[in-house]
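What follows is a short report on a single structure.
Just so you know, these numbers come straight off a predicted model, no measurement behind them. When reading the values below, keep in mind they use all heavy atoms of this one structure, side chains included, and skip hydrogens, waters and symmetry mates.
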Amino acid sequence: MIDGKGWRSGAEVEKRKLNQWFLKITDFAEELLEGLGSLENWPDKVRLMQENWIGKSKGLEFAFDLSNGDTLPVYTTRPDTIFGASFVAVAADHPVAQAVDSDEARAFIAECKKGGTTAAELETAEKLGFDTGITAKHPFTGADLPVYIANFVLMDYGTGAIMAVPGHDQRDYDFAIKYGLPIMRVIAASADEADAPLTEAEAGDGICVNSGFLDGMGVEDAKVAIISRIEATGAGEGKTVWRLRDWGVSRQRYWGTPIPFIHCASCGVVPVPKDQLPVTLPPAEDPHVDFSVPGNPLLRHPTWKNTTCPRCGGKAERETDTLDTFVNSSWYFLRFASQPADKAFDAGEIAAWMPVDQYIGGIEHAILHLLYARFWTRALAHIGLIDVKEPFASLFTQGMVTHETYGRKIDGREVWYSPAEVERSSDGATLKEDGQPVTIGKVIKMSKSKKNVVDPEDIIAQYGADAVRWFMLSDSPPERDLPWSESGIEGCARFVQRLWRLFGEVDAAAGGEDKALARKTHQTIAAVAADIEALAFNKAVARLYELTSAAEKAAPSADRNAAIRAILLMVSPMMPHLAEEGWAKLGESGLVAETAWPAVDPALLVEDEVTIAVQHKGKLRDTLTAPKGASKEALEALALASEKVQRSLDGAEIRKVIVVPDRLVNIVT
RNA sequence: GCCCCCGUGGCGGAAUUGGUAGACGCGCUCGACUCAAAAUCGAGUUUCUACGGAAGUGCCGGUUCGACUCCGGCCGGGGGCACCA
């Protein structure tokens, strides 16, 4: 949406009231929150985002008695600050606000509704209020608190009304300053500071002051005390409030799953009977499915929605809203795991295959898709259709491919150009078409709207799919965003050639050992396997470069032949075509793809010599080789025998020597 | 504003989680081969250096024999949420 209009159609965007279908995900809020704890193999970041999205808060809901005889329930997470309440505020949509019978009040409410919804507008929006003239009786002090309509109070969170404590909430503080309302301190670091002036709201921890029977209590104790006191009077109760809302699944569009309900004038909303499921869309080729006009083609279709009420048999209409596509992605993995032709999925197969061992997706799905899928799975478990509760045992969020953007402002509108249309040099970019400069914009996720996309087909055609695959895996770790650049692809294409040459150097007649190369080979096999398991492809690639260099330099031997064969097997997941060709070249039969990962000889994984770093005063002075497992004494003696170390010591008195076996010696003087 | 993550050469990035910072790749420089170029091969490539060394992982400080790694404060970048009481 741009300037209140759709970015594509330019249509005015407006708020409308619609009757829509919702799924009651809020009933699962507690479960979904608790379940996060069991998802150890999910990134902390994603778990935290879901936790914040669910947004559990514990507090107190209680009612004020109003001067007009009504009661006004409010919700607060800081009941401990109740003695600091100096006014009460309600949302513009609140019944109390709506009931104020004055033109000024109606004008103010209208003003509140106009307020923008963008981040910038909300951030800078001034706190505005309207004094209703009504007062609320403070349940403990008996004071009459003014009731305001305030633009910063939300109708759909809590009760739509708050007790305002300016001393300890910044919004209330700003409001109180503007309207000259009292600001009292009721939380302080210590009792001595009970009357310390407030220059801003202090939302932190402390003890209660100026708070009657709460005085001296810590924040948490005071919350418990006040809640039980209010509960005893019957004016309210401790309550948990969630940020999570129900999931609106209605879409006014054709491309979606029909929502299987029927509207009957006499029976109301009636579910489509099971034996008539699924409700299918009229085919898109149907001439009555008309996309040429905005709006939902189903609504305009002359016959599709006409049906009979399953209950009374009378004339009725189908629901024309379709389901959000997130619904489909909430359970497709169950379908993938089992493919019975006659039903959605097979519980036995699900039990065998689910949960998904390794789920991979972009971080942009951290909340919606992944939360909905968790909800859907739990809902199915609740009604006994499946046994699993969490769909994805392990989650990996890969980064996005990013690219510079190129654009120009033409008549005040931004026009974007694709990298293919642009000539990029070190000091700028020009449009190929006219040779004139274009502005180089931010490096952002590739998107069609910004045109900063590259077509992999082009470089595949030039370098081959193997080189491109290798290139994409070689540099950035997959969880990180990858700024697309083709500057490394040449090197990858070179590597393909190097490997091909190396595969030709297997010498069946060569005999003899190459202990060092054999060791390196086996270490690489073990390390690459571990890297691949950890999805650290860039590290696996680096190790394969190293082993390849070593094999190239080695003299022919049986061990070298084995090394080359191992390299081929190890690169095969990344460069399958090259590997299969090479396999044939080696005279092997069958496919690499069907060949087992090379075996590791554990005896060859350990070095018998290690490099020891020698430090003096924490700085590296020398390195030396020592047999693996050498004693501390031997290493110390070896270190002190070093000429470089002696020069650095320069006769100073040795106070201490720290020896880390197989690693280093640090001499402290 | 709140919450979270990240700052390492010219670039992408390594560093067994407190133990040789800069692996590997790209780029660049020099050399070999060539009439020449491409390809290929070899050497070098953090900075400064009186060639002994010294400094160095965003900045300032701390803990430690030893800090890219841990702690405190700042600066910069990115992401999420957003007037949620």
Side-chain angles (χ1 to χ4, degrees), chain A residues 43-53 55 57 59-60 74-79 81 89 91 115 117 119 121-127 150-154 156-165 168-172 174-175 203 241-245 363-364 366-367 426 443-444 470-471 474-477 480-483 485-492 494-495 497-498 501 527 530 536 538-549 552-553 611-624 644 647-648 655-660 662-669:
Chain A
D44 291 341
K45 178 164 65 163
V46 174
R47 290 196 289 180
L48 191 72
M49 280 164 70
Q50 292 209 351
E51 190 182 320
N52 291 338
W53 186 264
S57 81
L60 169 68
V74 298
Y75 175 72
T76 177
T77 56
R78 291 297 302 273
T81 62
T117 52
E121 281 174 304
L122 284 176
E123 203 170 329
T124 53
E126 194 182 0
K127 306 265 176 297
N151 66 342
F152 68 94
V153 178
L154 304 176
D156 50 5
Y157 186 81
T159 63
I162 61 163
M163 69 167 199
V165 184
H168 304 282
D169 182 288
Q170 192 60 42
R171 295 158 300 182
D172 300 348
D174 295 344
F175 192 91
V241 169
W242 305 84
R243 207 193 80 101
L244 185 69
R245 304 288 156 73
I363 186 70
E364 69 272 22
I367 294 173
S426 54
V443 177
I444 54 167
W470 183 257
F471 171 60
S474 64
D475 273 348
S476 271
R480 214 175 285 190
D481 282 352
L482 172 72
S485 143
E486 291 177 20
S487 66
I489 184 84
E490 299 270 0
C492 295
R494 261 197 310 267
F495 187 62
Q497 301 301 328
R498 270 172 73 189
R501 252 175 278 131
N538 56 325
K539 292 200 256 172
V541 163
R543 293 184 211 283
L544 285 166
Y545 272 118
E546 283 186 70
L547 182 60
T548 300
S549 293
E552 282 170 338
K553 288 179 183 125
T611 306
I612 305 290
V614 185
Q615 297 178 334
H616 171 216
K617 291 193 283 195
K619 299 242 178 268
L620 184 72
R621 301 296 157 176
D622 199 4
T623 56
L624 39 94
K644 287 183 185 170
R647 192 163 56 211
S648 173
R655 293 189 5 238
K656 199 173 168 187
V657 178
I658 289 143
V659 182
V660 182
D662 295 336
R663 238 184 241 290
L664 67 70
V665 179
N666 188 9
I667 300 161
V668 187
T669 56

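Atom CD in A/E486 sits about 13 Å away from atom P in B/G27, given to the nearest Å. Summarising the geometry, the separation between CH2 on A/W470 and P on B/C26 is reported as 12 Å, rounded to the nearest angstrom. For A/R243 and B/C3, the CZ to P distance is 16 Å, given to the nearest whole Å. Following rounding to the nearest Å, A/F495 (CZ) and B/G25 (P) show an atom-to-atom distance of 9 Å. The separation between A/E51 atom CD and B/C5 atom P is 13 Å, rounded to whole Å. Separating the CG atom of A/N52 from the P atom of B/A82 is a distance of 11 Å, rounded to the nearest angstrom. For the pair A/K45 NZ and B/G80 C1', the computed distance is 9 Å after rounding to whole Å. Protein atom CD of A/E546 is 15 Å distant from nucleotide atom P of B/U16, rounded to whole Å.
Atom CD of residue A/E486 and atom CZ of residue A/F471 lie 7.0 Å apart, to the nearest 0.5 angstrom. In this structure, A/L244 CG and A/N52 CG are separated by 12.5 Å, a value rounded to the nearest 0.5 Å.
At distances below 3.5 Å, not a single donor-acceptor pair connects side-chain atoms of A/R621 with backbone N or O atoms of A/Q615.
Distances were taken from every side-chain heavy atom of A/N538 (C-beta onward) to each of B/U20, B/G13, B/A85; the shortest belongs to B/G13. For A/L620, the side-chain atoms get nearest to B/U20 when compared with the rest of B/G13, B/U20, B/C83. Of the candidates B/G13, B/C24, B/A82, the closest approach to any side-chain atom of A/A542 belongs to B/C24. Closest to the side chain of A/R498, from the set B/G13, B/C41, B/C3, is B/C41.
The nearest pair of heavy atoms linking A/I367 to A/Q50 is O-NE2, 3.9 Å. Considering all non-hydrogen atoms of both residues, A/K617 and A/N666 come closest at N-OD1, 3.8 Å. Taking both residues in full, the closest heavy atoms of A/A613 and A/L620 are given as CB-CD1, 3.7 Å, listed atom of the first, atom of the second, then distance. Residues A/F152 and A/F175 approach most closely at CE2-CD1, 3.4 Å, considering heavy atoms.
Taking side-chain N and O atoms only, A/N151 has no distance below 4.0 Å to OP1 or OP2 of B/C83. At B/G18, none of the side-chain N or O atoms of A/R663 fall inside 4.0 Å of OP1 or OP2 (strictly under the cut-off). Remark: A/R494 is in phosphate contact with B/C26, judged by side-chain N or O atoms under 4.0 Å from OP1 or OP2. Within the structure, every side-chain polar atom (N or O) of A/Y545 is placed at least 4.0 Å from both OP1 and OP2 of B/G25. Between A/R501 and B/A39 there is no side-chain N or O to OP1 or OP2 distance below 4.0 Å. Neither OP1 nor OP2 of B/G53 sits under 4.0 Å from any side-chain N or O of A/K644. Proximity of A/S476 to the phosphate of B/G13: a side-chain N or O atom is located under 4.0 Å from OP1 or OP2.
Distance noted for atom C1' between B/G31 and B/G25: 22 Å (whole Å). Comparing B/G10 with B/A82, their C1' atoms sit 40 Å apart, to the nearest whole Å. Rounded to a whole angstrom, the distance from the C1' atom of B/A50 to that of B/C41 is 38 Å. Separation of the C1' atoms belonging to B/G12 and B/G19 is 27 Å when rounded to the nearest angstrom. As rounded to the nearest Å, B/C68 and B/C3 have P atoms that lie 29 Å from one another. For the C1' atom pair drawn from B/G72 and B/C65, the interatomic distance equals 23 Å after rounding to whole Å. Taking the C1' atom of each, B/A14 and B/U20 are spaced 14 Å apart, rounded to whole Å. Nucleotides B/C48 and B/G1 are separated by 45 Å at their C1' atoms, to the nearest Å.
Contact annotation for A/G158: no contact, since no heavy-atom pair falls under 4.0 Å across all strands. Heavy atoms of A/K539 sit under 4.0 angstrom from primed sugar atoms or phosphate atoms, though from no base atom. Within the 4.0 angstrom heavy-atom criterion, base atoms lie near A/V153. A/R480 comes within contact range of the sugar-phosphate backbone alone, with a heavy-atom separation under 4.0 Å but no base atom that close. A/R621 comes within 4.0 angstrom of sugar-phosphate atoms only, judged by non-hydrogen atoms across all strands, and of no base. Residue A/T623 is in base contact, counting any heavy-atom pair closer than 4.0 Å across all strands shown. Across all strands, A/N666 comes closer than 4.0 Å to base atoms (heavy-atom distances). The residue A/I658 sits close to a base: some heavy atom pair falls under 4.0 Å.
Positionally, the nearest nucleotide of RNA chain B for A/M49 lies more toward the 5' end than for the other of A/D172 and A/M49. Between A/L664 and A/V668, it is A/L664 whose nearest contact on RNA chain B lies nearer the 5' terminus.
Side-chain contact, A/T81 with A/H168: no donor N or O sits under 3.5 Å from an acceptor N or O. Donor-acceptor pairing under 3.5 Å is recorded for the side chains of A/Y75 and A/S57.
A search for side chain to side chain donor-acceptor pair (under 3.5 Å) contacts involving A/S549 returns A/R498, not counting sequence neighbours.
Annotated as syn: B/G52, whose O4'-C1'-N torsion sits within 90° of 0. The glycosidic torsion of B/G9 lies within 90° of 0, placing the base in the syn range. Base orientation of B/U17: syn (glycosidic angle within 90° of 0).
The shortest distance between side-chain heavy atoms of A/V614 and A/K644 does not fall below 4.5 Å.
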Starting at the 5' end of RNA chain B, write a dot or bracket for each base, bracketing those in Watson-Crick or G-U wobble pairs whose two distances are under 3.5 Å and using | for partners on another strand.
(((((((..(((......[....)))((((((.......))))))(((....)))..(((((..]....))))))))))))....

